[in-house]
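Only one structure is covered here, and it is reproduced in the block below.
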Amino acid sequence: MRTALNILPISEWFTGLKAPLLIAGPCSAESEEQVIETAHGIAKIGKVQILRVGIWKPRSRPGTFEGAGDEALQWLKRVKTETGLLTTVEVATPMHVEKAIAAGVDILWLGARTTSNPFSVEQIAQALKGIDIPVMVKNPVNPDLELWIGTLERLNRAGIIKLVAVHRGFYPYEKTRLRNIPKWELAIDLKSKFPNLPILCDPSHIAGQASLVAEIAQKALNLSLDGLMIEVHRNPSQALSDAKQQLTPLQLDLMLKELVFRSPSSQNSEFVDKLEQLRNKIDSIDQQMIDLLAQRMRIVEEIGEYKKKNNVSVFQLRRWENILKSRVEYGIRLDLDEEYIKNLLQLVHKESIRKQADILNRKDKLSAE
Ligand code: PEP
Ligand code: MN
């Protein structure tokens, strides 16, 4: 389905925006002191523009800490006046929307569980009708781009044009090093569909542990995502939710000093010339690769005809095993990644099989006539 979102570029609504946009704060609001102390620690760094905090927490199991609730909205007012940071909270019901707006929260965000549920999204969108506030939309729990886009659309139809997407990774069904699996290609797909839509990364929920946050944040910056949302707590080991993945304000400061912030392009003419030359080389190699693939396919077709004539089946296991082994070994000798070569060959082989099966089927049809 084709979609056009009416998105106001962030530079037009975020006066004083520093790119990349940095958002940090506790997973949950636990107490006034915890929120205020963490906010001051973050503000002191001088790079973060928005304080995030969950005050109504969607927890997987009942009986776990569900955030401080309404009371925490007053603490956010203190954050704004004392630190100058803007504030953002997660909203999951129309009541949250109403309360957050009444308390002067600057930006709202929809969490991964909410984005996964079109009924909740629709209710929130209705509650936002006629209200001018930026809304950030985390990706749904499962890697379903349509659901992510659908949420943006529902909000957009309700009149929200200050939209931001947040890539926080996807639920892994198997045990992995990371808590949620990043699917950068999905974020890039979203960016190419909606070039005006800023996309942030939440490296904390992808990493699941503090020691991996910087690695994920750097990946996001390398891919030119528009900013980061990072979980920061004055004392992570005592946090009532997501204790393992939160950084201290000091750790955040160190990480921001070490991250390499790359610009998506450069005005330097030497750089532009060199890049142009290298891109020309890539263009030429790609063309040769496609020529070779076409040549290969002509031979595959010839083999198909030959197999047909001799009544031999398309798939020859031994031959395929040999191809895979010898090509992978050769690729490794040239410093190419094993998985990369395997995936590439599998793709080429799948298409060859399809082509030869077509040739054999054509013959079957003809002989049936
Ligand atoms: C959060 O940001 O604390 C949170 C609950 O995140 P998510 O919706 O990405 O799980
Ligand atoms: Mn969290």
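If you're wondering where the values come from, they're calculated on a predicted model, not measured in any experiment. What's counted below: heavy atoms across the whole structure, side chains too, no hydrogens, waters or symmetry copies. One-based numbering, in listed order, for ligands and for the atoms of each.
- Residues Trp109 and Val166 are not in side-chain contact: their nearest non-hydrogen atoms beyond the backbone lie 4.5 Å or more apart.
- Looking at Asp242 and His233, their side chains never bring a donor and an acceptor atom within 3.5 Å of each other.
- Thr38 places a side-chain N or O within 3.5 Å of a backbone atom of Arg234 that can act as its donor or acceptor partner.
- Side-chain atoms of Ser116 come within 3.5 Å of backbone N or O of Val141 as a donor-acceptor pair.
- Under the 3.5 Å distance criterion, with hydrogens and angles disregarded, a donor-acceptor pair is assigned to the side chains of Lys307 and Gln356.
- For ligand 1, the protein residues within 4.0 angstrom (heavy atoms only) are Cys27, Arg52, Lys57, Glu90, Trp109, Gly111, Ala112, Arg113, Lys138, Arg168, His205, Glu231.
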Check your understanding: Does the pair Glu32 and Arg78 meet the rule for a salt bridge (charged side-chain N to carboxylate O under 4.0 Å, His left out), with working shown?
Key -> CA-CA 9 Å; Glu32 184 162 3; Arg78 254 190 85 188; 2.9 Å; yes

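- For the Mn ion (ligand 2), the set of protein N/O/S atoms nearer than 2.8 Å consists of Cys27 SG, His205 NE2, Glu231 OE2, Asp242 OD2, ordered by chain and number.
- Counting all heavy atoms, side chain and backbone alike, Trp148 lies closest to Val137 at NE1-O, 3.2 Å.
- Judged by distance alone, the side chain of Glu66 and the main-chain N or O of Arg59 form no donor-acceptor pair under 3.5 Å.
- With contacts defined as side-chain heavy-atom distances shorter than 4.5 Å, the pair Arg362/Ile359 qualifies.
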